[in-house]
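Every heavy atom of this structure was used, including side-chain atoms; hydrogens, water molecules and symmetry mates were not. Remember, predicted model here, so these are calculated numbers, not experimental data.
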Amino acid sequence: MLKNTKAATKITALVVDDSLINQRIHHKLLENLGIENQVVGNGKEAIDVHCSGKHFDLILMDMDMPIMNGIEATRTLRAMGIRSTIAGVSSHSSLSEDTQEFIEAGLDDYQEKPLTPAKLVAILHKVNLHV
């Protein structure tokens, strides 16, 4: 059976951040690159979206959020068998202990905020998601 190659090349992303400003910025950065994306406000919502059957190529995950933080959400998604690329995006230094715990939870990449177009493209290239 032949697959529709146009549909196969469309990248989808999930933005997980409790800050409305960061949600808007990350949504727009992805949209400007032609990446369809959905936004949720915490790690539990990210888990719930995946439990509903949705799949994303890329997840931009904040670390500090209410209800369920990015570290726990990343661990849970990996335990569920989710193989999406998960990039941590946080204001914490990449050298902090919290950030190391975040990376060890199952991140594919980590970027300090603010997320810029160049940082987003670097994430995409690092994991072979080309726009």
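Residue pairs meeting the salt bridge (charged side-chain N to carboxylate O under 4.0 Å, His left out) criterion with at least one partner in residues 33-45, sequence neighbours excluded, are K44-D48. For the salt bridge (charged side-chain N to carboxylate O under 4.0 Å, His left out) condition, the pairs that include at least one residue of residues 16-26, sequence neighbours left out, are D17-K113. Applying the ring-ring contact (aromatic ring centres under 6.0 Å, His included) rule to pairs touching residues 57-79 yields nothing, sequence neighbours excluded.
Listed by chain and number, the residues in a side chain to side chain contact (heavy atoms under 4.5 Å, CB included) with N37 are A13, V15, H27, L30, E31, V39 (sequence neighbours excluded). Residues meeting the side chain to side chain contact (heavy atoms under 4.5 Å, CB included) test with S91, sequence neighbours left out: none. Scanning for side chain to side chain contact (heavy atoms under 4.5 Å, CB included) contacts around I21 gives S19, I25, with sequence neighbours left out. Considering only residues two or more places apart in sequence or on other chains, A87 meets the side chain to side chain contact (heavy atoms under 4.5 Å, CB included) condition with L58, L60, D109, I123. In this structure K54 satisfies the salt bridge (Lys or Arg N to Asp or Glu O under 4.0 Å) test with no other residue, sequence neighbours excluded. Residues forming a salt bridge (Lys or Arg N to Asp or Glu O under 4.0 Å) with E104 (at least two apart in sequence, or on another chain): none. With sequence neighbours left out, the side-chain hydrogen bond (donor to acceptor under 3.5 Å, both in side chains) criterion links D64 to H92. Scanning for side-chain hydrogen bond (donor to acceptor under 3.5 Å, both in side chains) contacts around H50 gives an empty result, with sequence neighbours left out.
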Quiz item: Given V16 and V40, is the side chain to side chain contact (heavy atoms under 4.5 Å, CB included) satisfied, shown in steps?
Solution: CA-CA 5 Å; V16 187; V40 296; 3.8 Å; yes
Which donor-acceptor pairs under 3.5 Å do the side chains of residues 72-81 make with protein atoms, sequence neighbours left out?
{"residue": "T74", "atom": "OG1", "partner": "G70", "partner atom": "O", "Å": "2.7"}
{"residue": "R75", "atom": "NH2", "partner": "E101", "partner atom": "OE2", "Å": "3.1"}
{"residue": "T76", "atom": "OG1", "partner": "E72", "partner atom": "O", "Å": "2.8"}
{"residue": "R78", "atom": "NE", "partner": "G106", "partner atom": "O", "Å": "2.9"}
{"residue": "R78", "atom": "NH1", "partner": "I82", "partner atom": "O", "Å": "2.9"}
{"residue": "R78", "atom": "NH1", "partner": "S84", "partner atom": "O", "Å": "2.8"}
{"residue": "R78", "atom": "NH2", "partner": "S84", "partner atom": "O", "Å": "3.2"}
{"residue": "R78", "atom": "NH2", "partner": "G106", "partner atom": "O", "Å": "2.9"}
{"residue": "R78", "atom": "NH2", "partner": "D108", "partner atom": "OD2", "Å": "2.6"}

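When all heavy atoms of V89 and F102 are compared, the pair lying nearest together is N-CE2, 4.4 Å. Here the closest non-hydrogen pair linking P117 and L29 is CG-CD2, 3.5 Å. Scanning all heavy atoms of the two residues, the minimum distance from I86 to M61 falls at CG2-CB, 4.0 Å. Smallest separation of non-hydrogen atoms from L33 and L124: CD1-CD1, 3.9 Å.
The distance from atom CZ of R83 to atom CG of D57, rounded to the nearest 0.5 Å, is 14.5 Å. For the atom pair CD1 of I59 and CG of L14, the computed distance is 5.5 Å after rounding to the nearest 0.5 Å. For the atom pair I71 CD1 and I103 CD1, the distance stands at 10.0 Å (nearest 0.5 Å).
A heavy-atom distance below 4.5 Å is not found between the side chains of N69 and M63.
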